[in-house]
Participant: 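Handing you this structure, nothing more for now.
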2 protein chains.
Amino acid sequence: MPPVTADPVEVNLINALEDRGLRRTAARSAVTDRIERVSDAFTAEQLCRELPDVGRATVYRTIRHLVDAGALCKLPILDGAPMYSIARIEHHHHTICSRCGAVGEFRHSTVERVMRSLEKEIDGDIVGHRMEIFITCSSCLAKSEINSSSGNSSVSI
Amino acid sequence: MPPVTADPVEVNLINALEDRGLRRTAARSAVTDRIERVSDAFTAEQLCRELPDVGRATVYRTIRHLVDAGALCKLPILDGAPMYSIARIEHHHHTICSRCGAVGEFRHSTVERVMRSLEKEIDGDIVGHRMEIFITCSSCLAKSEINSSSGNSSVSI
DNA sequence: CTCACTATTGATATCAAGTATCAATTAAGA
DNA sequence: TCTTAATTGATACTTGATATCAATAGTGAG
């Protein structure tokens, strides 16, 4: 079964910054290039470690610009540093693997229908919503099957 | 229109701690009593300020025990300190007023149905989900109506 | 191309939330 | 009451993130 996807948009983070009137600089390009190469969600500290020649302040500032531009999603992580992922599709929700932390995006019309039906029941005006689905992703499932068939039970949650 | 509610369970935080084999102490009672009196969501720092005679470490520890016991929900706030609210109903989602921060709980069977239909499409096993609805609550709506008709705009966000 | 001006950078200091430490205290069962 | 282990809280520390500000580097005008 394929992962749930929907209308991926072209990702060009440095352009997203220029569209907001920000200059194209070496430091910003280094940050956006790196983010585009990371397939998973990442933390700010992680980026700082991978870009030792870019100052911490610049990494944090660039991330903030990208979130403001809507090019990055800040994921509502409960513990530890917040994580970010590229917003590849317009309005979407996230799947988060509770074992490896891999983040996926999905869009589902039923979620939007739920919102409309809730509108009648909620005591106030709905201005937005957010949904995360916690999963064990297929590669983690595969790993644990290998481990359990070999008698090795080293899966940590 | 009434707020959405569902089967409120009796809340007794100190008992929730005792059920987990933790002692009933003056400091813990002070913390749980305070939490039970707070109607809204709160932060750890807020509790510390309101309980100057209880050590910070104890406040943080007690909150963690309550979350572990399932008696408190840790809300996934994107910016600033995480907030906590009493888990009054079994499995539920949250409404968060984006103006005043008031947190409500709701349960909706359609959300559960969405999960079941997504199960077929997601690339992995679903192990949990979370949903937050951002609203402007009825009292904030009322305030802004009063202000716009009287010209007084003292609403603070 | 050069100049002038402003945005940007990044080392550093600082802030804020939260945790670890550990000696003193206290709850609770024998 | 006594004993023992749990609990407390002052303090130091860790971590994530922001503020400051002098030095640097884009960019548009001339």
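Proteins come first, then strands; the chains are lettered A, B, ... in the order of their sequence lines, and each starts at number 1.
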Participant: Expressed in angstrom and rounded to an integer, what is the separation of B:F42 atom CZ from C:dA17 atom P?
Facilitator: 15 Å
Participant: Could you state the CG-P distance from A:L51 to C:dT9, rounded to the nearest angstrom?
Facilitator: 13 Å
Participant: Rounded to the nearest angstrom, tell me the gap between atom CZ in A:R24 and atom P in D:dG26.
Facilitator: 12 Å
Participant: Whole Å only: how far is the CD1 atom of A:I14 from the P atom of C:dT8?
Facilitator: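 Whole-Å distance recorded here is 11 Å.
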Participant: Report the nucleotide, chosen from D:dT8, D:dG16, C:dG18, that has the shortest atom-to-atom distance to any side-chain atom of B:A27.
Facilitator: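 Minimum distance to the B:A27 side chain belongs to D:dT8.
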Participant: Could you state the CD1-P distance from A:I63 to C:dG10, rounded to the nearest angstrom?
Facilitator: 14 Å
Participant: Does A:T43 place a side-chain N or O at less than 4.0 Å from the phosphate oxygens OP1/OP2 of D:dG16?
Facilitator: no
Participant: May I ask you to verify whether the side chain of B:R56 and the base of D:dG9 hold a donor-acceptor pair under 3.5 Å?
Facilitator: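 By the distance-only test, no, there is no pair.
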Participant: Check the pair A:L75, A:H94 against side chain to side chain contact (heavy atoms under 4.5 Å, CB included), reporting the backbone distance first and the verdict last.
Facilitator: CA-CA 8 Å; A:L75 304 178; A:H94 290 106; 3.3 Å; yes
Participant: Distance check, rounded to the nearest 0.5 Å: A:L13 atom CG versus A:I86 atom CD1?
Facilitator: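 It is 5.0 Å, given to the nearest 0.5 Å.
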Participant: Considering only NZ, NE, NH1 and NH2 on the basic side and carboxylate oxygens on the acidic side, decide whether B:E105 and B:R88 come within less than 4.0 Å.
Facilitator: no
Participant: Determine the contact category for A:A44: base if any of its heavy atoms lies under 4.0 Å from a base atom, sugar-phosphate if only primed atoms, P, OP1 or OP2 are that close, otherwise nothing.
Facilitator: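 Sugar-phosphate only.
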Participant: Have a look at B:T32 and tell me which of B:N15, B:L72, B:L66 forms a side-chain contact (heavy atoms from CB on, under 4.5 Å) with it.
Facilitator: B:L66
Participant: Please determine if a side-chain N or O atom of B:T25 lies less than 4.0 Å away from the OP1 or OP2 oxygen of C:dT26.
Facilitator: no
Participant: Which of the following nucleotides, C:dA20, C:dG18, D:dA17, is nearest to the side chain of B:A57?
Facilitator: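 Shortest atom-to-atom distance from the side chain points to C:dA20.
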Participant: Could you tell me whether the side chain of B:R64 has a donor or acceptor atom within less than 3.5 Å of a complementary atom in the base of C:dG18?
Facilitator: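 For B:R64, whose side chain was compared with the base of C:dG18, there is no donor-acceptor pair (under 3.5 Å).
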Participant: Look at the side chain of A:T58 and decide which nucleotide, out of C:dT8, C:dG18, C:dG10, has an atom nearest to it.
Facilitator: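 So the nucleotide nearest the side chain must be C:dG10.
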Participant: The side chain of B:R23 lies closest to which of these nucleotides: D:dG9, C:dG18, C:dT26?
Facilitator: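 Output: C:dT26.
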Participant: Of the nucleotides D:dG16, D:dG9, C:dA17, which one has an atom closest to the side chain of A:A81?
Facilitator: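 So the nucleotide nearest the side chain must be D:dG16.
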Participant: Ignoring backbone atoms, establish whether B:Y60 has a side-chain N or O less than 4.0 Å from OP1 or OP2 of C:dT19.
Facilitator: no
Participant: Distance check needed: C:dT8 P versus A:L17 CG, whole Å only.
Facilitator: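 Computing the A:L17:CG to C:dT8:P distance gives 10 Å.
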Participant: Under the 3.5 Å rule, do the base of C:dG18 and the side chain of B:R61 count as making a donor-acceptor pair?
Facilitator: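 Per atom types, no contact qualifies.
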Participant: Closest nucleotide of DNA chain C for A:G21 versus for B:E45: which of these residues is on the 5' side?
Facilitator: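 Checking each residue's closest nucleotide, the 5'-ward one belongs to A:G21.
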Participant: Using atom CD of A:Q46 as one end and atom C1' of D:dA17 as the other, report the distance to the nearest whole Å.
Facilitator: 16 Å
Participant: Applying the side-chain contact (heavy atoms from CB on, under 4.5 Å) test to B:I135, which of A:D125, A:D123, A:I126, A:L118 qualifies?
Facilitator: A:I126
Participant: Please state how far atom OH in A:Y84 lies from atom C1' in D:dG16, giving the value in whole angstrom units.
Facilitator: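 Whole-Å distance recorded here is 10 Å.
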Participant: When rounded to the nearest 0.5 angstrom, what is the spacing between CZ in B:R64 and NZ in B:K74?
Facilitator: 9.0 Å
